[in-house]
Amino acid sequence: MSRHARPGAEAGRAPAHRPRRKLIAGLAVAGCIVAVALLSRVWTPAPPGRLDILHKLQPPLAAGLLGTDHFGRDVASLLMVGAWNSLSVAVASVVLGAGVGILLGLLAALRRGLIGAIVMRGCDVVFAFPPVLSAMMLAALLGTGAVTAVIAIAVFMVPVFARLTRATTLQIERRDFVAAARTIGRREEAIVALHILPNIAGQIVVQIALQLGLAILTEAGLSFLGLGLAPPAPTWGRMLADAQTYLGPAPWLALAPGLAIATAVLGFSLIGDGLRDLLDPRAPTT
């Protein structure tokens, strides 16, 4: 029996390590990208804004590590600075969207009835508009730039966090310790701060990690359409937009930012999946 039980025990322990592997892999990938973005604040292989038309469209290693673009700028330097710009917009939009969404979700959960219905129906309306369309409408009012991109992505994030916060708060609110806190006369603000938020923080952190990957992808799409940071500030999406004209003679111009976007999204997605599996053992592992 022991010989038959041992393989089963080992098989039962194996899935417990899978979330940890995904989390470690995601942290490693995202950590490398963040490190490159931070390094770009103090050092790049060449000045990212320096033009050298005589050496334009040089292949990798012929002029710099990743070659030069159609203006003769060093692609590696543009990629490093673009990492900082893209991550900055993504992080700012997720923080803003999460903050507003959590407040609205708590309001909808604790103030049921008309107020809760208005909040959730408003989230449904906002969720119906894709971020690109929201950015176009905001660009008509505010002009293109980082602020427009941050607001457009954040508006798209608000319903995600509002729905998650409302659903998890309603689950926690049914617990005995919340009822006991109300019985002894504890104020609603104290109940939220001491009992509800600590119990839903794990799921919110998981969602933040997942939405960071989506925000990077969305920012790249907005920059590709010219709705992101204003030129000459480099972003991965604008690098892709500039490279589409030179796919034949210089395919590396599109390959570098495309791989950067895919790697960043993969890293944050792995972090989110790993955290979700660790915090929720009932979730199936993949």
Spacing of CG belonging to Leu266 relative to CG belonging to Leu259, to within rounding of 0.5 Å
11.5 Å
At their closest point, which heavy atom of His70 faces which heavy atom of Asp242, and how far apart are they?
CE1-CB, 3.7 Å
Should Asp52 and Phe71 count as side-chain neighbours, where that means a heavy-atom distance under 4.5 Å?
no
Quiz: residues 224-236 side-chain donor-acceptor pairs under 3.5 angstrom, not counting sequence neighbours:
unit_1, atom_1, unit_2, atom_2, d
Thr235, OG1, Ser223, OG, 3.2
Thr235, OG1, Arg238, N, 3.3
Trp236, NE1, Leu79, O, 3.2

Residue pairs fulfilling ring-ring contact (aromatic ring centres under 6.0 Å, His included) with at least one residue in residues 148-194, sequence neighbours excluded
Phe127-Phe156, Phe177-His195
Is there side-chain contact between Leu57 and Leu253, with heavy atoms separated by less than 4.5 Å?
yes
Would one find more than 12 heavy atoms of other residues, nucleotides or ligands at under 6.0 Å from atom CZ of Arg111?
no
State, to 0.1 Å, how close Met120 and Ala108 come at their nearest heavy-atom pair, and which atoms those are.
SD-CB, 3.8 Å
How far apart are the closest heavy atoms of Leu212 and Ala90, and which atoms are they?
CD2-O, 4.0 Å
When every non-hydrogen atom of Leu104 is compared with those of Ala162, the smallest separation belongs to CB-CB, 4.3 Å
Listed partners of Leu103 passing side chain to side chain contact (heavy atoms under 4.5 Å, CB included), at least two apart
none
Within the 4.5 Å heavy-atom criterion, are Arg276 and Gln207 side-chain neighbours or not?
no
Taking side chain as C-beta onward, heavy atoms only, is Leu110 less than 4.5 Å from Glu173?
yes
Under a 3.5 Å distance rule, please check whether Thr68 uses its side chain to pair with a backbone N or O of His55 as donor and acceptor.
yes
Measuring only between side-chain heavy atoms, which start at C-beta, is Arg163 closer than 4.5 Å to Asp124?
yes
Is there a donor-acceptor contact under 3.5 Å from the side chain of Ser77 to the main chain of Thr44?
no
With Ile200 as reference, evaluate Thr168, Leu164, Ile102 under the side chain to side chain contact (heavy atoms under 4.5 Å, CB included) test and give the passing residue.
Thr168
Does the side chain of Pro48 come within less than 4.5 Å of Met80's, by heavy atoms?
no
Smallest heavy-atom separation, Val89 atom then Glu219 atom, equals CG1-CG, 3.6 Å
